[in-house]
Protein chains: 2
Amino acid sequence: MESGAAEPTVSAVEVESAVNVGGNSSIIHGWFSELSPMWPGEAHSLKVEKILFQGKSKYQNLMVFESSTYGKVLVLDGVIQLTERDECAYQEMITHLPLCSISNPKKVLVIGGGDGGVLREIARYSSIEQIDICEIDEMVVDISKKFFPKISVGFEDPRVNLHIGDGVAFLKAVPIGTYDAVIVDSSDPIGPAQELFEKPFFESVAKALRPGGVVCTQAESIWLHMHIIEDIVTICRQIFKGSVNYAWTTVPTYPSGIIGFMLCSTEGPVVDFKQPVGFINESTSNSDRPLKFYNKEIHQASFCLPTFARRVIDRA
Amino acid sequence: MESGAAEPTVSAVEVESAVNVGGNSSIIHGWFSELSPMWPGEAHSLKVEKILFQGKSKYQNLMVFESSTYGKVLVLDGVIQLTERDECAYQEMITHLPLCSISNPKKVLVIGGGDGGVLREIARYSSIEQIDICEIDEMVVDISKKFFPKISVGFEDPRVNLHIGDGVAFLKAVPIGTYDAVIVDSSDPIGPAQELFEKPFFESVAKALRPGGVVCTQAESIWLHMHIIEDIVTICRQIFKGSVNYAWTTVPTYPSGIIGFMLCSTEGPVVDFKQPVGFINESTSNSDRPLKFYNKEIHQASFCLPTFARRVIDRA
């Protein structure tokens, strides 16, 4: 039954050119392939219609391309940050999971998030008075404004104050108890975002939050990075004396097809992340952009973990 | 800021050989890439350590390879059917979603599922007396027994009766009201499984079920195949006069990283799929293989849909 060794056949695919895009990723014969030591042995590839931008900032390689079936794509150091087709899942979940877990948030800080998508989502809350954002790489903001107007629209809200700089340093200068919520929209812990996964950073976040304030950080994939998640959970249990929970959602263009979020609250009024209390006012500035992904049921469901992940997170 | 056209650089990757593996997929320079008109413009790739089997049955191309990071992989017509690393999610969910939704199932039919993984999961129920399986392609069964012993172990249960043949024809010959549950573990609706997504098939399933019996079918991805799902939901609402629900779960090596399930019940005792009533006895034959993925909370969560999918499914 076995046919033995595979016979080489003529391939329809030929190498036309190879474009390094940072990390180990490259564009070969019209396909972008996302390779990283963070997910060895696998790659997700998107067909490229046109490269719209390639550049290098002080911090990282940046690329924007028009894909065949996922709209425009933003790539940092060879890793897909967002595509127009599925960005709704990530932006809505990382924003509304924390903000719908508290009543009437007024002051919110975003660390990272230079594309503006999280700002767009925060702007849906009429209770919010002040939205600070600290993005380390100004080129990300510029690129987003140029190529992703439906995402960078978040910067247009008059409540937004953009700070270009290091999020770690920014947080240290924040007066104690300033924010109702902090959202950490970071890239992976290899590269400029590394410190955002370490204990001193979480300690600064906790200080910047009011009692019963909440933080939501991008927290990788239970299929790929259980060891990173276990470490983050352990750190957060030490620092945050309110609630500490892990949630996840589907994002097709992220490795393994999912992304997780660490949700914590400081000591003070009790926050039950699994029972949203907040209210998104869709009749404010975003009335022409209804929610595509988030709803109360998916909020609650996102905290339900497969058994293999629950075992690790519960014991962390 | 823009660097203009991308400059070709020397690639570390060279085409050593190209191996056609059916569909549009191929192995090039040691990577298997899964291409299909079912998900144009994207591909998931796995690094290949060794091709263990390549062959062609009466129905399809079959391949087994050892991957670098996902264990052994089964590929039919160029599409990944399972990997040792993430098969637990699919097999456990497609089995326990229907079987935990009813009390004390006794007779179960599997259509497809020739790898044996669903049988392995069904065998956890001590109430079950008879497990019939109808797989069209005997080579799938043989290949699974040879290369995937932890999956094909399902065939060893003495309650299992294996029928090699067409599932559509098999169902037509089943006496009315025979089964408590039917599980349709099929490949995509291009190829030998096409009929399993059509109305006459669902009508046969409904006849084969007892009143208040349940069916669970593989039902594609809400990110990629909303039009197929909409059609299936419409058909199922016409045929199944009990409950009709859609659920989904994460499977990293399936396109878009998720897979859905259509769950329906026939007229009779009411089935509320969202409130599991069943009981998996882990102390029976599978005591050495605890559940890796499924639990009651993930069962309930799997029915919560993103807003964009809920809108379509609710109106179907």
Side-chain angles (χ1 to χ4, degrees), chain A residues 1-3 5-11 13-15 17-20 26-28 31 33 40-47 51 53-55 67-70 86 88-89 139 142 223-224 248 250-252 254 256-258 290-295 297-298 300-302 304-308 310, chain B residues 1-3 5-11 13-15 17-20 26-28 31 33 40-47 51 53-55 67-70 86 88-89 139 142 223-224 248 250-252 254 256-258 290-295 297-298 300-302 304-308 310:
Chain A
M1 196 163 69
E2 289 185 49
S3 63
E7 290 175 86
T9 59
V10 178
S11 167
V13 163
E14 279 184 76
V15 173
S17 64
V19 180
N20 280 323
S26 59
I27 295 177
I28 300 178
W31 286 78
S33 293
E42 66 180 312
H44 191 237
S45 303
L46 293 177
K47 196 162 183 350
I51 296 174
F53 175 82
Q54 266 201 299
S67 68
S68 297
T69 52
Y70 277 80
D86 65 1
C88 63
M139 201 183 275
D142 294 339
W223 286 107
L224 299 171
W248 63 278
T250 160
V251 183
Y254 286 167
S256 82
I258 62 171
L291 290 168
K292 291 179 185 170
F293 192 92
Y294 177 88
N295 54 57
E297 290 69 36
I298 206 99
Q300 296 175 306
S302 69
C304 299
L305 302 176
T307 300
F308 74 85
R310 199 162 72 175
Chain B
M1 199 162 68
E2 288 187 48
S3 64
E7 290 175 89
T9 60
V10 177
S11 168
V13 162
E14 282 184 74
V15 173
S17 64
V19 181
N20 281 322
S26 59
I27 294 177
I28 300 178
W31 286 79
S33 293
E42 66 180 312
H44 191 237
S45 302
L46 293 177
K47 195 162 184 350
I51 296 174
F53 175 83
Q54 266 201 298
S67 68
S68 297
T69 53
Y70 277 81
D86 66 2
C88 63
M139 200 184 274
D142 294 339
W223 285 107
L224 298 171
W248 62 279
T250 159
V251 182
Y254 286 167
S256 83
I258 61 171
L291 290 167
K292 291 179 185 170
F293 192 93
Y294 178 88
N295 54 58
E297 291 70 35
I298 207 97
Q300 294 174 309
S302 69
C304 298
L305 302 176
T307 300
F308 74 84
R310 200 164 70 175

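Below, chain A is the first sequence line, B the second, and so on; all start at residue 1. The analysis underlying the following values was restricted to heavy atoms, covering all of them including side chains, and did not include hydrogens, waters or symmetry mates.
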Checklist entry - Which word best sums up how the rings of A:Phe293 and B:Trp223 line up, parallel for under 30°, tilted for 30 to 60°, or perpendicular for over 60°? => result parallel
Counting heavy-atom pairs under 4.5 Å with chain A, which one of [options] comes out on top?
options	value
B:Ser302, B:Ser33, B:Ala43, B:Cys304	B:Ala43
B:Gly41, B:Ala89, B:Cys88	B:Gly41
B:Ile258, B:Asp86, B:Leu305, B:Thr307	B:Thr307

Checklist entry - Is chain B contacted by the side chain of A:Tyr254, its backbone, both, or neither, given a heavy-atom distance below 4.5 Å? => result neither
Item to check | Part of A:Thr250 within contact of chain B (heavy atom distance under 4.5 Å) | outcome: both
Next on the checklist: A side-chain contact here means heavy atoms from C-beta on lying under 4.5 Å apart; do A:Ser68 and B:Pro40 qualify?
Outcome noted: no
Checklist entry - Where do A:Tyr70 and B:Glu42 come nearest, in terms of heavy atoms and distance? => result OH-OE2, 2.7 Å
Item to check | Choice from A:Gly257, A:Ser256, A:Pro252 maximising heavy atom contacts with chain B below 4.5 Å | outcome: A:Pro252
